[in-house]
Structures are given as C-alpha cells and as structure tokens.
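First comes the structure, then the notes that go with it.
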Amino acid sequence: MARTDWYKDMVFYQIWPRSFCDGNGDGVGDLWGVLQKLDYVKSLGVTGIWFSPLYPSPNADFGYDVSDYRAIDPAYGDLGVFDQVVAAAHERDLKVVMDLVINHTSSEHEWFRQALASADSPYHDYYFFRRGSVDRKGRRVPPNNWDSLLGGSAWEYVEALDEYYLHTFDKAQPDLNLDNPAVRGEVEDVMRFWLDRGVDGFREDVITFVSKPQGLPSDVLGLPGSRGLRLYNCGPRLRSYLMQFRRDVLDSHDCMVVGEAPMLGARKALALTAARRGERPLDLVIGFDHMQADCMYTEYLPRPFSLRKLKRAYAQWQDALGESGWCALYLENHDHPRVVSRYGSDAYRAESAASLAASYLFQKGTPFVYQGQELGMTNVSFDSIEQVPDPQAQAHYRQMVKGGKSPEDALALVNRAGRDNARSPMQWTGEKDAGFCPKDAHEGPWVAVNPNHVEVNVAAEDDDLMSPLNFYRRAIRLRRLLPVVRSGRYHEFKRASSKLYVYARESTWSRLLVMCSFSDEPVTFHVPDTYGDLGDGVLALSNYYVTDAEADDANQLTLRPWETRVYVFGRDAVLVD
Ligand code: GLC
C-alpha cells in the first residue's frame with residue numbers, strides 16, 4: 001500500500017486516559033469516558049487522537065511500564081470497548097494513534113518473569129543481563145557506570161542469577177534488548193496486532209534510546225545523572241531497526257510513526273525524518289529543545305523563563321527541518337507542567353493561553369494539543385508529597401531531601417516541575433470533581449482536582465467566545481484552512497525582543513503574519529515594510545476584540561497584554577475573508 005503524507009495536514013489531541021473522563025465511576029478515567037467525549041474532541045477541529053498507553057500496567061510509570069502489549073488495562077476497559085472507540089473515532093474522521101513503548105517493558109511482563117526465572121530461558125536475552133564485578137573492598141560493582149534517568153545506577157542486581165539487569169528508567173522498567181532479532185520480531189507482531197485492529201499509527205516512546213552501543217561501555221564523559229545517555233541516544237543501529245520496522249510492517253499500511261526523541265537536536269531530527277536514499281526512518285519527531293525555556297535539560301533544574309531561549313529553539317527547528325524534515329509541534333503533554341504556568345501569565349491566564357497557542361499552531365509541522373491545554377488549565381499545588389502520585393516526582397523529592405534541601409523547598413520544586421501538574425483530572429464543569437466522574441460515582445478522582453475548575457472548565461469556556469477553548473477552535477480551523485501553513489517558509493522578526501514573538505509563513509502567493517505578545521504590559525510593534533499596510537491583509541484571528549479601524553491601522557501597532565493577532569495576505573486571504 002502506498003504511504004501518503006496525511007499526517008502533515010493533521011492536528012492531534014492527546015488523551016492521557018487515566019485523567020480524561022471517568023465513565024464507570026471508579027475515579028479513574030477510561031475508554032467509556034472517552035466514548036462520551038468524542039464529540040467534544042471533534043468540536044475542537046482536531047483530526048486525530050494520540051492515546052497515551054492503554055495497555056495493562058502495574059503503573060510504576062502510569063502505563064509506560066507495559067505488562068501486556070496485546071490487551072487493554074482493565075481500569076480503562078477491554079478490547080471490545082477499544083474497538084468501539086476506534087470505530088466511533090473513525091466515524092467522526094478522527095485518526096487513532098497508539099503509544100508504543102518498546103525501549104522497556106514492565107518488570108511484571110511475562111517475558112521478564114521468564115527471564116528472571118532462568119538464565120537459560122530464551123527470554124533472558126530479551127533484556128540486558130550482565131555480570132558485575134567486585135571492588136577491592138569486596139563491594140559489588142554494576143557492569144558499567146550508567147545512571148538511571150530517575151536517579152541512582154541503571155543496573156539492578158538479581159541475587160538468584162548473580163547478574164544485573166539494565167533499566168535506563170525505573171527498576172520496574174527493564175530495558176529490552178532490540179539487538180536480539182527475536183525482540184524486534186515481537187515488536188513487529190505487536191505493531192501488526194494494533195494495525196489490524198484499525199489504528200492509524202504509533203507514537204514511539206523514547207524511541208531514540210533503543211539501540212545500545214556494543215559492549216555497553218562505561219561513559220567517561222557524560223554528566224553525572226545522565227551517564228550513558230550520550231552513548232545510547234541515537235545509538236548505532238537505531239536507523240537500521242527503524243527501517244526494518246518500516247519494511248517489514250509499516251510500509252504496507254498507510255500509517256504514521258512519530259518518534260519521541262529527548263535531548264536530540266534539530267539536525268539529528270532532520271536525519272531521522274528527511275528521505276535519504278529512499279529511507280525515512282520516522283515521519284515526525286517530538287523534540288524537547290523548546291521545553292527548556294525555563295529550565296536546564298529538565299524542569300527540575302529551573303531557570304527564569306526566557307522568551308529569547310524559546311524563540312531560539314523554535315527557530316532552530318523550523319530552520320533546520322527546512323523543506324524535507326517534519327516535526328511534532330507541542331507545548332504540553334503528560335510529561336511537563338502546564339504551559340500557562342510556565343511560559344504564560346497568572347494575571348492574564350486566558351490571554352496568555354491564546355498567545356501561546358498562536359505561537360506554535362502556525363509553525364511548520366503537525367500540532368498536538370494536550371487534554372486541558374485548550375482550556376488554559378494551570379499547575380496544581382499539592383499540600384504534601386504523599387498526594388503526588390508520580391513515582392518520578394517522588395524520586396526527585398527523595399534525592400533533593402537527601403541532598404540537603406528542606407522538605408518544603410523540595411515540595412515547592414515538585415509543584416513547579418512535576419508531571420502531575422498535567423495529570424490532574426480534565427476540568428469538564430465547575431461542579432464536584434470538575435465533572436470528571438459521573439454524578440453517582442462511588443469513588444472520587446484518583447488524583448486531586450485543581451480547585452480552579454470552578455472557573456476553568458469546558459462548560460464555562462464553551463459559552464465564552466473569547467475563552468481559550470474557543471480561541472483554540474478558531475486557531476485550529478484557520479490552520480487547517482490555509483495552504484501556506486503546510487508549506488510556507490518560516491521567517492522570524494524581532495529575534496532579539498524579550499516581549500514579542502513575531503513570525504511569518506511565506507509562499508509564492510500567500511503570507512501569514514503571526515504576532516504574539518509575551519508581556520503583561522502593552523508592547524509596540526512596527527510591521528515590516530515588506531508587508532505593506534496591515535489593511536492589505538485580513539485579520540484572521542485575535543484574542544481581543546479588534547475594531548476594523550484598529551485591524552487595518554497602518555504599520556505601527558500596540559499590542560495589549562498577551563495579545564495575539566494573525567494576518568493573512570495574498571491568495572490564502574480569500575479563504576478567510
Ligand atoms: C517517555 C514518556 C514518559 C515516560 C518515559 C519512560 O518520556 O513520555 O511518560 O516516563 O518515556 O517510558
């Protein structure tokens with residue numbers, strides 16, 4: 001089957017199932033809840049859904065520790081209701097993309113159980129088991145110095161085997177050995193299983209980590225905390241494994257493959273997504289550079305927000321991917337705090353939510369919107385570490401306290417940086433439990449609801465034309481309408497400004513000018529002479545009421561706090577007039 005580039009015209013909505021909508025009243029989101037909300041998803045104008053893992057999982061990493069690749073976690077439903085969701089999504093012209101976690105399994109996966117049971121089991125070589133050594137003082141030393149990305153060594157000792165196994169994440173997430181052809185065969189079978197059930201593609205979790213260097217050497221140059229990462233990120237056989245999956249499975253389906261690629265620069269992203277000698281390992285890449293405008297590498301090393309850093313990252317990717325590469329555009333997902341709380345403004349929550357939306361939705365790539373982002377949902381503040389469910393946050397907290405931070409300061413950083421900020425229940429109404437659970441539910445939500453659900457919720461924003469929700473709807477519709485957004489060149493103005501982000505998309509016949517204020521104060525902007533008068537274009541989108549006179553006003557304009565405006569010039573303008 002010929003593969004087409006349909007993903008280039010898509011806008012995806014990401015559902016983190018545990019916190020989206022509880023259909024059966026047990027306090028946990030599920031697929032019955034998703035079925036109820038598909039019309040809402042459709043109303044956003046998006047054209048596809050990416051589901052974070054739905055597989056059975058002991059939840060050491062909330063679904064990213066998979067214990068069975070061919071089933072649905074009973075908390076979310078079963079294959080029957082999954083099939084209903086796929087059918088109902090397809091009826092609404094929504095594609096469905098599954099998360100695929102193949103860097104590691106859960107330690108409770110049957111393969112790992114067998115691997116632990118005997119070094120002679122064929123499953124033993126599904127993972128990286130190695131002998132350690134003993135130092136001069138007689139202490140056991142792991143096979144190399146790699147760090148788990150959650151802290152401590154990446155190796156866990158197994159007494160019964162007198163061997164260690166590798167886990168680049170939690171010890172409950174042993175790394176799969178993709179160098180073993182049998183493991184790659186299993187991955188392909190899993191892909192076929194879901195494609196045969198009708199899914200339209202995969203989001204491949206930390207896919208750039210799956211090829212470890214031969215001999216698993218110690219990392220003598222890596223930064224403490226991430227030793228090893230340098231060696232296995234974009235490892236030696238990554239390309240060949242991805243191409244094998246293409247040839248054996250994916251090429252015979254018109255599906256999309258998006259790869260999560262932490263710590264991967266734009267140049268390498270290009271190498272993975274641009275065709276070279278007829279090979280294109282991934283369709284698009286999820287980069288991380290623009291998620292570091294208020295931190296160093298991770299949100300747990302915070303810095304003040306810098307718009308210039310954000311713009312540099314945006315521009316690097318837009319420029320580098322040029323004509324041939326493609327990337328996922330996003331500002332939120334289940335791994336990052338809410339963007340309004342990071343890059344936006346508490347005082348101008350709704351306005352900043354809209355300005356942030358316009359800052360990325362018109363770039364080149366495929367946009368993803370994370371559940372609740374379209375409402376301008378904000379971070380939650382947990383009162384104690386016991387209320388924080390994410391084991392990653394717990395691990396950071398323990399390390400910080402061990403390193404001498406006071407428990408109060410450590411909790412404050414968890415509240416700023418933690419992933420549960422994005423995992424609090426979706427805010428449907430201003431009522432009890434934010435309408436996340438059915439009214440007669442026997443259990444409350446599994447994690448605290450943000451108290452601001454009283455004002456920030458779907459029901460309230462639906463009725464308000466200027467709400468973030470309705471802004472997202474207008475912006476997504478506009479994006480999908482304009483050919484210049486798919487293919488236009490990226491051009492940026494005022495690169496040095498720390499208050500304004502202004503960019504254009506330009507093709508032979510049309511131009512799009514996007515202005516985004518990132519300031520609580522008014523800011524003036526002089527429209528470049530090459531654009532002629534603003535009156536020559538059409539004001540296609542804004543987050544404040546703008547009179548006709550204001551819209552067409554010559555070339556010097558003052559943007560109000562967090563104001564955003566999008567103008568269209570040339571042929572595409574006819575489409576919005
Ligand atoms: C990805 C997932 C994240 C998970 C990690 C390990 O980054 O998005 O949630 O913790 O991989 O699977």
Side-chain angles (χ1 to χ4, degrees), residues 1-7 10 12 14-15 17 48-57 63-73 76 78-79 82-83 85-87 89-90 94-106 109-112 123 126-127 173 175-211 235 237-261 272-273 279-286 326 328 366:
M1 179 189 292
R3 300 183 77 246
T4 56
D5 287 348
W6 53 261
Y7 59 88
M10 302 286 292
F12 277 93
Q14 183 193 349
I15 292 184
I49 300 173
W50 150 30
F51 281 107
S52 274
L54 293 163
Y55 313 100
S57 164
Y64 287 90
D65 48 325
V66 177
S67 54
D68 181 353
Y69 288 102
R70 291 182 180 77
I72 298 292
D73 193 297
Y76 301 148
D78 54 25
L79 285 171
F82 177 79
D83 290 344
V85 168
V86 174
H90 285 168
L94 295 168
K95 303 258 189 204
V96 174
V97 164
M98 287 291 269
D99 223 302
L100 187 68
V101 190
I102 57 171
N103 179 65
H104 42 264
T105 66
S106 158
H109 194 289
E110 188 52 28
W111 300 338
F112 193 69
Y123 291 105
Y126 271 39
Y127 298 89
Q173 295 167 293
D175 280 47
L176 275 171
N177 172 14
L178 265 85
D179 298 333
N180 180 345
V183 174
R184 301 202 297 280
E186 298 273 12
V187 169
E188 294 185 344
D189 282 349
V190 170
M191 287 175 164
R192 285 189 199 99
F193 177 87
W194 293 103
L195 288 167
D196 289 348
R197 281 209 114 78
V199 311
D200 303 287
F202 300 103
R203 175 267 188 193
E204 298 184 339
D205 188 60
V206 289
I207 193 66
T208 46
F209 291 6
V210 300
S211 166
R237 289 168 304 280
L238 173 66
R239 208 181 163 87
S240 115
Y241 296 163
L242 293 175
M243 284 315 301
Q244 180 189 335
F245 299 152
R246 273 269 201 244
R247 275 191 308 275
D248 293 354
V249 184
L250 303 166
D251 274 350
S252 48
H253 295 80
D254 192 14
C255 65
M256 159 184 117
V257 184
V258 46
E260 190 202 21
L272 289 173
T273 57
E279 288 188 351
R280 208 160 53 81
L282 295 170
D283 294 317
L284 52 158
V285 153
I286 302 176
W326 204 258
T366 299

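Sequential numbering from 1 along the given sequence is applied to the chain's residues.
Here the shortest heavy-atom pairing between L282 and R246 reads C-NH2, 3.6 Å. Across Y241 and S211, no two heavy atoms sit closer than the pair CE1-CB, 4.2 Å. Smallest separation of non-hydrogen atoms from P53 and G63: CB-O, 3.2 Å. Here the shortest heavy-atom pairing between G259 and I207 reads CA-CG2, 3.7 Å. Between L195 and C255, the closest heavy-atom pair is CD2-CB, 4.0 Å. Shown here for A261 and V285, the closest heavy-atom pair between the two residues is CB-CG1, 3.8 Å.
When atom types are taken as modelled, the side chain of E260 and the backbone of D205 share no donor-acceptor pair closer than 3.5 angstrom. A distance-only check finds no donor-acceptor pair linking the side chain of R203 to the backbone of V97 [under 3.5 Å]. R184 places a side-chain N or O within donor-acceptor distance of the main-chain N or O of L178, the cut-off being under 3.5 Å. No donor-acceptor pair closer than 3.5 Å links the side chain of D65 to the backbone N or O of Q173. The backbone N or O of P56 sits less than 3.5 Å from a side-chain atom of S67, completing a donor-acceptor pair.
A heavy-atom distance below 4.5 Å is found between the side chains of T208 and L272. At least one side-chain heavy atom of E204 sits under 4.5 Å from a side-chain heavy atom of L242. When side chains are defined from C-beta on, W111 counts as touching L176, because their heavy atoms get closer than 4.5 Å. With contacts defined as side-chain heavy-atom distances shorter than 4.5 Å, the pair L54/D73 does not qualify. Considering only heavy atoms from C-beta on, V66 stays 4.5 Å or farther from T105 through its side chain. Using a 4.5 Å heavy-atom cutoff, the side chains of Y55 and L100 are in contact. With a 4.5 Å cut-off on side-chain heavy atoms, Y69 and H109 count as touching.
Between H104 and F209, the distance from one ring center to the other does not fall under 6.0 angstrom.
Looking at residues two or more places apart in sequence or on another chain, you find a side chain to side chain donor-acceptor pair (under 3.5 Å) between D83 and R197. With sequence neighbours left out, R239 forms a side chain to side chain contact (heavy atoms under 4.5 Å, CB included) with R276, E279, P281. Listed by chain and residue number, L31, V34, L35, F51 satisfy the side chain to side chain contact (heavy atoms under 4.5 Å, CB included) test with V85 (two or more places apart in sequence, or in another chain).
In this structure, CH2 on W194 lies 14.0 Å from CG on D189, to the nearest 0.5 angstrom. To the nearest 0.5 Å, atoms CZ (F12) and CD1 (I49) are separated by 9.5 Å. I72 contributes atom CD1, which lies 8.0 Å from atom CG of D78 (distance to the nearest 0.5 angstrom).
Remark: the S52 side chain and the Y64 side chain contain an N/O donor-acceptor pair separated by less than 3.5 Å. For the residue pair E186 / Y126, a side-chain donor-acceptor distance below 3.5 Å is found, with atom types taken as modelled. With 3.5 Å as the limit, one finds no donor-acceptor pair spanning the side chains of N180 and Y127.
Here the rule is side chain to side chain contact (heavy atoms under 4.5 Å, CB included) with D200, and of M10, H253, H90 only H90 fits it. The only member of F202, Y7, W326 that meets side chain to side chain contact (heavy atoms under 4.5 Å, CB included) when paired with D283 is Y7.
D248 has no carboxylate O lying under 4.0 Å from a charged side-chain N of R192, or vice versa, which leaves the two without a salt bridge.
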